Amino acid sequence: MDSSRPSDHVSNEANVVSPEIGVVGWLRWIWRSLTSMRTALILLLLLAAAAIPGSVYPQRSADPNGVTSYFQQNPELAKFLDSIQLFDVYSSVWFSAIYILLFVSLIGCVVPRAVVHAKAMASNPPATPRVLRRMPAYLLGKAKKAARESIVADAAALLKSQRYRVIVDADSVSAERGYLRETGNLLFHVSLIGVLVAVGFGGAFSYSGQRLLVEGDTFVNNLAGYDSFSPGAFFNENNLPPFSMTLDKFEIAFDNNTAHKGNTGTPIDFRATVSTKQTPSSAPVTSVIRVNEPLELPGTKVYLTGNGYAPVLAFSDKPCKALPSGVRVIQGPFSYQGAVPYLPQDSNYTSLGVIKLPDAKPNQYGVLSFFYPTAGQLPTGALTSIYPAAISPQSSLLTLNVYEGNLGLDSGIPSNVFSLATHGLKQLSGGKTGVPAVKLYVKGNAENLPNNMGCVAFTDLKRFASLDIDYNPGQGWVLLFALLALGGLILSLLVPRRRVWVKRTEDGVEVAALARGDDPALERIVKEIAEELGLKATSSKKEADA
Amino acid sequence: MHNLLSALPNVLRSQETVSLNDDLSQVSLYFIYAAMAVYTVSFLAYVWHLSQASSTVKKVRKGASRIERWAFSLLIASAVMHGTGVILRGVAASRVPWANMYEFSITGTFLVVAIYLVSWFFVRDIRILAVFVTGFVLLVLGIATTVFYVQVKSLMPALQSYWLVIHVTVAILATGFFNIASAASIAYLMKGSKVVETSKLPGFALTRRILALFPDMNKLEKLAYRFNIIGFILWTFTLIAGAIWAERAWHRYWGWDTKEVWTFIIWTIYAGYLHANATRGWSGKRSAWLAVIGFCAIIFNFTIVNLFFKGLHVYSGLK
Ligand code: HEM
């Protein structure tokens, strides 16, 4: 046993002896091994090690797109990794096994400890040991004759005033304080169980849904209203509060001071102004959602998690019409009309949009389109955005690469609205086709599509916001238990638990102390008690050892 | 790219005022450089002190404590410059100076030095660890000014929260305590190493004499323990504060983001360390190893995870 531990240190180690014969013996042995300190320690270290792969491989819960692209890049390896749950580490069988064992061990540990502690609290400190000299802090002193007479009573009074629990016999005082240390330790461990239970229950009743809203659009809180939705195991659709929310406008403030080298164009603030109706019949209330400032509604919170541009486009199978003024306009009927959310590709909001036109005549076509809020040209000639906002209508450029062919939308396989599978389609403009990409400016002239396929116009520029609608009834409890754990931890690490003895012997008066765990103050305490009692030290621990 | 930007017309009139002072941040950088220069001298003086104090010649040994006083004065001088550099950086950016890796490094190392200097007056045993502390601080500052350096930037919206102040301050403090504890554990392991104890190879005799200047193993172990428990309490708080912030900024309190994963791993390793201290056969060397591994995980979390792992915490400010 190491020197910093007193010999009475109540270690929870079971004596793991070889099992008695028989099932009961085996079970008892397994239980004892499981609840031993060493097992707890090894399980803790295993848990740390088992958490590592989750930071190396993309996780379905945190980064589903990462998993998808991993599958695309290394299909064979991905299949293997998936078979041992490396894309779902934190819900995997092996990770769960470790923490469940750890918590079983924890319960097996805490319950008997709590019983021992309750008994210790209810009983007196143990009697003074015969030999005090070996205690980690020790002092032998001389008292004046009168003081020597009353030393036991004086010491008892002194220690009581210092909040020690004291028992007195003919020649000695035995005192103990710091029961809070163990109480704190138990509180800490029990609170960890609380955290785990609250995480589990909270997760089961929770839900988390995502919805992308273009300015002017309205979201209604039912399952059909979500782009993606992940419910907990006990989620019940009827519990979705019946609110609806309209994105009135979305604003971004960028640092637009060109003197700030390297900072110009950095976003300073994202603001989504929404009007919310708590029920279909209630009056709309306007509020602002910002990053770090979710909107709290009864039963849910709405968070702002992303944003981008949504150019409003119109497509027609008819050619554009040139007006006498020289302006070109689009003429209906439209094969597509509406705002298209473009996903930002870089910090200057060079954005990529996909439009699919299954109803176009005579052939279906798809469009891969880039939007540059403030277009500029790289030395290579490639287009790029040099500022994340449109500084003028003439600055914001939209280009379209048109792909003709069967879009495969009728096959029944759900397809991602943000990507166009160009395989099997014929590219008609942009890239290596030799035909320049169609270029449009916001509210500018409409343009004809290649091969006389029709006309396209860029009629307005809107923004979109990605919103997360979340509910987790457990999180308040998780926080409560986590704070209790923190409090317990502070008590258990910082409250000194110590025993102090004062004993009248033939050589003089002995003062000794013993701590549970590390106690930097131990020797000082012994000295101070001796001083308070008016003792003159004749030998201390070091000399006694020698 | 910057040429392109200078062509931007003057339509960009500021509505939101961002106050950044590039000149002042340059001055801050000069202070950091100056501090590094003086840290270097201080470090060398401490090395010199060790070599003198471990000398076999009595007269040489006697002169050592004067060198130590000089080294300490230099350490204080560099800490003052370092602190000035950190504060100026904050003033230049009009916010707390720990929003990217460069700033986190200069603030973090400053706190390490500050914790060391404050403890210096209360914990005698810590004085001899100065070589570790100055050496570590120099190394980090060297990397910070060369690899991590970025100009002052405004805060991205996700970072605009008072939790940046609470969560990150406490994380840096925890790191400082763990850092000093790991120095004690390394000294402990070196002292306890069989190789160091018995090898006849040249150099080991000197190492032994230098190690003899350190407190005995028992004291080193306790020293490490005391700093580690403070570090652990602060780290536990960091974890909780991070979860509270994540709930506001990322819509869930815990999502196993890479940074969250590593914060958890570090926490678990140190919980293992505390258990090891109370487990037969694990206290002593094994627990000291766990403390060192825990600190390595912290460094890993700050460097490799920040720079190369994908996650939501992409605040290094580097491209
Ligand atoms: C979720 C798993 C666990 C965690 C995170 C954890 C964490 C901790 C921490 C941080 C301490 C330090 C407090 C102190 O030293 O007083 C501690 C102490 C302790 N833990 Fe655990 N623990 C866990 C499971 C267990 C289990 C399973 C056992 C029983 C086998 C156990 C028994 C103890 C004991 C006896 C102490 C006191 C050590 C001492 O006297 O210094 N713990 N634990």
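Treat the numbers as computed from the prediction; the structure is a model and nothing was measured. Side chains are part of it too, since the values below use all heavy atoms of this structure and drop only hydrogens, waters and symmetry mates. Within every chain, numbering begins at 1; the chains are lettered A, B, ... in the order of the sequence lines, protein sequences first and strands thereafter.
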B:L239, part contacting chain A, at a heavy-atom distance under 4.5 Å: neither
Examine B:R248 relative to B:W163 and say whether NZ or CZ is less than 6.0 Å from the centre of the six-membered ring and inside a 45° cone about the ring axis. no
Part of B:I244 within contact of chain A (heavy atom distance under 4.5 Å): side chain
Salt-bridged, A:R271 to A:D269, with N to O below 4.0 Å? yes
Look at B:E103 together with B:K153 and state whether they make a salt bridge at an N to O cut-off of under 4.0 Å. no
Please confirm whether the ring centroid of B:W235 lies under 6.0 Å from the ring centroid of B:Y270. no
Salt bridge (charged side-chain N to carboxylate O under 4.0 Å, His left out) partners of residues 293-309 of chain B, not counting sequence neighbours, each pair once: none
For residues 39-48 of chain A, please give each side-chain donor-acceptor pair under 3.5 Å, one per line with the distance, not counting sequence neighbours.
unit_1	atom_1	unit_2	atom_2	d
A:T39	OG1	A:S33	O	2.4
A:T39	OG1	A:S36	OG	2.9

If you look at every heavy atom in A:R60 and A:D88, which pair is closest and at what distance? NH1-OD2, 2.7 Å
Within residues 475-483 of chain A, the residues sitting under 4.5 Å from chain B by heavy atom, in sequence order, are A:Q475, A:V478, A:L479, A:A482, A:L483
Please look at B:W282 and chain A and tell me whether the side chain, the backbone, both or neither of the residue comes under 4.5 angstrom of a heavy atom of that chain. side chain
Please find out if less than 6.0 Å separates the ring center of B:F178 from that of B:F295. no
Side chain, backbone, both or neither of B:I266 within contact of chain A (heavy atoms, under 4.5 Å): neither
With a 4.5 angstrom heavy-atom cut-off, could you sort out which part of A:N292 is near chain B: side chain, backbone, both or neither? both
Scored by heavy-atom pairs under 4.5 Å with chain B, the best of A:T305, A:L489, A:V302 is A:L489
Is B:F237 close to chain A through its backbone or its side chain, or both, or neither, when contacts mean heavy atoms under 4.5 Å? both
Chain A contact via B:I229 - which portion, at a heavy-atom distance below 4.5 Å: both
Against chain B, label A:F188 side chain, backbone, both or neither, depending on which of its atoms sit under 4.5 Å from a heavy atom there. side chain
Plane angle bin for B:W267 and B:F232 - parallel if under 30°, tilted between 30 and 60°, otherwise perpendicular: parallel
Those residues that, when tested against A:R497, pass side chain to side chain donor-acceptor pair (under 3.5 Å) (two or more places apart): A:E176
Most heavy-atom pairs under 4.5 Å with chain B, out of A:T266, A:I52, A:D468, belong to A:D468
What part of A:P520 lies closer than 4.5 angstrom to a heavy atom of chain B: side chain, backbone, both or neither? both
Do you see a donor-acceptor pair shorter than 3.5 Å between the side chains of A:S208 and A:D470? yes
